[in-house]
**Q** 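Here it is, the structure, as structure tokens.
Note that the numbering runs from 1 along the sequence shown for the chain.
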Amino acid sequence: MQKVYTCFCTDVIHEGHINIINQAKKYGDVYVGVLTDEAMIRFNRFPAVSFEERVEMVKSIKDVKEVIIQDEIMYDKVIKQLRPDYVIHGDNWMHGYMKSVRDNVEKLLNEYGGKIIDVPYTYNENVKRLDAQIKEKLSMPEYRRKRLKQLLKLRPIVKTIEVHSGLTGLIAEKTVVEHNGEFDQFDAMWVSSLCDSTAKGKPDIELVDMTSRFRTIDDVMEVTTKPIIFDGDTGGLTEHFVYTVRSLERMGVSAVIIEDKTGLKKNSLFGTEVAQTQDTIENFCAKIAAGKKVQLTDDFMIIARIESLILERGMEDALTRAAAYVEAGADGIMIHSRKKDPAEILEFCDKFRLKDKDTPIVVVPSSFNVITEAELAEHGVNIVIYANQLTRSAFPAMEQTAKDILKYHRAKEVDSRLMPIKDIISLIEEL
């Protein structure tokens, strides 16, 4: 019998998958690949059920001869080992970012005479309903909240992008790129106080209250499934911080980052140019401990942000604080710098890792943006946050559009750089 191979990256078997199987068995024995979690999260939604459950689900399908574990998005390894006569797939991979997968499969099959079978993609009301149910499950607080900890185990480094609205949340949720045969997307979202305040036309001094900031989280959560890390500034008074922790945990936020400063907030990138006061180790540890005490689940994370390098207090102060904060219960350490050279950040990471191999390290490479994610991961960094790039890219684009409309007294001159309305409509799904 000839061999027919297909690969599934799904949490539920529906009529579209059965159609693929029925078409495949006409050509020979059916072998089905199941993508691992690590591979799935490079280009698809986070799996709603475990990998083991997905394997068993596919094994239970009639006419499946064998289930193959596929740990890469590209089919190179499977095709080399199995040498299928046919690879069958829904025709949705003939366009968009998945086209590169099809092109690669076609190239591999051509080397020995194998063929691709493109089956019309099944997307009817029933499939649409099942798809919506999976998305709804992924967006539920009890599933979303624990996802950051899951990602820390699956990803060499968790890539996080700032969002400040439902629209920016959709960009973070749906942007997938293929480059040199590798797929990637953002893993998590960062709700920045700076960007949230800026979007509301307010200064970044903790002027926007928590009720308003929680509304931003609601807007983002309503249309996305990725985990959220919340910028908690200083956390405020300890008595207030415990309520913030409870509220964020209940909403399904995965983590809050609080910085060890006191008084009226000034953006860290001002450094010593403005008066900024660092909290005592004892006070900040007490705040961390109070936040951990009121948690109801093990999923939520409190991450301590150390300002010692920003305020030029020295490396030893930063390391001393890091150890104390972890001892107080912090689930992660964020180290920040306003220098363009990442040397002091890497020095901190290396020295911290000598004594602590496990506590996640978070960095925000806004100033030291020359360093790559891979280089950061080599020094023990677990989470990288691109903390304000969407806001900073949007403002000049909108300002220039406004200027050109005023200049030319019409919109024709700006049209070439505008996103088509139909693309926006397709980005925002209807129920």
**Q** Using a 6.0 Å cut-off, check whether atom CG of Asp209 has over 12 heavy atoms from anything other than its own residue.
**A** yes
**Q** Between Gly252 and Met221, what is the shortest heavy-atom contact and its length?
**A** C-CE, 3.5 Å
**Q** Please list, chain by chain and in numerical order, all residues satisfying ring-ring contact (aromatic ring centres under 6.0 Å, His included) with Phe284, sequence neighbours excluded.
**A** Tyr325
**Q** Using a 6.0 Å cut-off, check whether atom OH of Tyr123 has over 12 heavy atoms from anything other than its own residue.
**A** yes
**Q** Holding to side-chain contact (heavy atoms from CB on, under 4.5 Å), I want the full list of residues that pass it with Ala324, two or more places apart in sequence or in another chain.
**A** Ile281, Cys285
**Q** What residues form a side-chain contact (heavy atoms from CB on, under 4.5 Å) with Leu167, not counting sequence neighbours?
**A** Ser165, Leu427
**Q** List the atom of Asp317, the atom of Ser308, and the distance in Å for their closest heavy-atom pair.
**A** OD2-OG, 2.6 Å
**Q** Mind checking what makes side-chain hydrogen bond (donor to acceptor under 3.5 Å, both in side chains) contact with Arg246, not counting sequence neighbours?
**A** none
**Q** For the pair Asp184 (side chain) and Val177 (backbone), establish whether a donor and an acceptor sit closer than 3.5 Å, ignoring hydrogens and angles.
**A** no
**Q** Do you know which two heavy atoms are closest between Ile385 and Pro365, and how far apart they sit?
**A** O-CD, 3.4 Å
**Q** What I want to find out is whether Arg338 reaches Glu312 closely enough, with some N-O distance under 4.0 Å, to be called a salt bridge.
**A** yes
**Q** For Glu344 and Ser337, test the side chains for any donor-to-acceptor distance below 3.5 angstrom and give the result as yes or no.
**A** yes
**Q** May I ask you to check whether Glu162 and Asn388 show a side-chain donor-acceptor distance below 3.5 Å?
**A** no
**Q** Return the orientation label for the Phe230 and Phe214 ring planes: parallel under 30°, perpendicular over 60°, tilted otherwise.
**A** tilted
**Q** Who are the side-chain contact (heavy atoms from CB on, under 4.5 Å) partners of Thr359, not counting sequence neighbours?
**A** Val326, Ile333, Phe352, Asp356
**Q** Say whether, by atom type as modelled, one donor and one acceptor occur between the side chain of Arg42 and the main chain of Phe183 under 3.5 angstrom.
**A** yes
**Q** Before accepting this row, confirm whether a basic side-chain N of the pair Asp331/Lys292 lies closer than 4.0 Å to the acidic partner's carboxylate O.
**A** yes
**Q** Look at the side chain of Arg144 and the backbone N and O of Leu138, then say whether any donor-acceptor pair between them is shorter than 3.5 Å.
**A** no
**Q** Report the C-alpha distance between Val362 and Met301 in whole Å, list the side-chain angles of each, state the deciding distance to 0.1 Å, and finish with yes or no for side chain to side chain contact (heavy atoms under 4.5 Å, CB included).
**A** CA-CA 12 Å; Val362 184; Met301 301 175 69; over 6 Å; no
**Q** Which atoms form the tightest heavy-atom contact between Arg147 and Ser254, and what is the distance?
**A** N-OG, 4.4 Å
**Q** Tell me whether His95 at atom NE2 has more than 12 heavy atoms from other residues, nucleotides or ligands lying less than 6.0 Å away.
**A** yes
**Q** Taking atom NZ of Lys174 as the centre, report whether more than 12 heavy atoms of other residues, nucleotides or ligands fall under 6.0 Å from it.
**A** yes
**Q** Only counting residues at least two apart or in another chain, list the ones meeting ring-ring contact (aromatic ring centres under 6.0 Å, His included) with Tyr386.
**A** none
**Q** Can you list the residues that meet the ring-ring contact (aromatic ring centres under 6.0 Å, His included) rule with Tyr75, with sequence neighbours excluded?
**A** Tyr5
**Q** Which residue, Arg313, Lys261, Arg321, forms the salt bridge (charged side-chain N to carboxylate O under 4.0 Å, His left out) with Glu307?
**A** Lys261
**Q** Establish, from distance only, whether the side-chain atoms of His164 and Thr391 form a donor-acceptor pair under 3.5 Å.
**A** yes
**Q** Strictly by side-chain hydrogen bond (donor to acceptor under 3.5 Å, both in side chains), give each pair with a member in residues 404-421 just once, sequence neighbours left out.
**A** Gln400-Asp404, Asp404-Arg417, Arg410-Glu413
**Q** Take Gln150 and Phe46, measure what side chain to side chain contact (heavy atoms under 4.5 Å, CB included) needs, and give me the verdict at the end.
**A** CA-CA 10 Å; Gln150 292 173 323; Phe46 201 94; 3.3 Å; yes
**Q** Got a sec, which residues hit side-chain hydrogen bond (donor to acceptor under 3.5 Å, both in side chains) with Asp299, two or more places apart in sequence or on another chain?
**A** none
**Q** Can you name the residues that form a side-chain contact (heavy atoms from CB on, under 4.5 Å) with Met419, not counting sequence neighbours?
**A** Asp423, Ile424
**Q** Where the side chain of Asp11 meets the backbone of Ala48, is there a donor-acceptor pair that is under 3.5 Å apart?
**A** yes
**Q** Got a sec, which residues hit ring-ring contact (aromatic ring centres under 6.0 Å, His included) with His379, two or more places apart in sequence or on another chain?
**A** none
**Q** Please state whether the rings of Trp93 and His89 are parallel, tilted or perpendicular, taking 30° and 60° as the class boundaries.
**A** parallel
**Q** Side chains of Thr297 and Glu249: any donor to acceptor distance under 3.5 Å?
**A** yes
**Q** Do other residues, nucleotides or ligands put more than 12 heavy atoms under 6.0 Å from Gln389 CD?
**A** yes
**Q** May I ask you to say whether Arg54 pairs ionically with Asp37, meaning some side-chain N is under 4.0 Å from a carboxylate O?
**A** yes
**Q** In plain terms, say whether Lys99 and Asp103 are close enough for a salt bridge, that is, a side-chain N and a carboxylate O under 4.0 Å apart.
**A** yes
**Q** Donor-acceptor pair, Glu173 side chain versus Thr225 backbone, under 3.5 Å?
**A** yes
**Q** Okay, side chain of Ser393, backbone of Leu390: is any donor-acceptor separation there less than 3.5 Å?
**A** yes
**Q** Is there a donor-acceptor pair under 3.5 Å between the side chain of Asp233 and the backbone N or O of Gly235?
**A** no
**Q** Please check if the number of heavy atoms outside Glu66 that lie under 6.0 Å from its CD is greater than 12.
**A** yes
**Q** Salt bridge check: are Lys77 and Asp71 linked by an N-O gap of less than 4.0 Å?
**A** yes
**Q** Taking the side chain as every heavy atom from C-beta outward, state whether Val208 and Ser193 have any atom pair closer than 4.5 Å.
**A** no
**Q** If you count every heavy atom of other residues, nucleotides or ligands that lies below 6.0 Å from Tyr143 atom OH, does the total exceed 12?
**A** no
**Q** Apply side-chain hydrogen bond (donor to acceptor under 3.5 Å, both in side chains) to Asp131 and list each qualifying residue two or more places apart in sequence or on a separate chain.
**A** Arg45
**Q** Any idea which heavy atoms bring Arg155 and Asp187 closest together, and the distance?
**A** NE-OD1, 3.1 Å
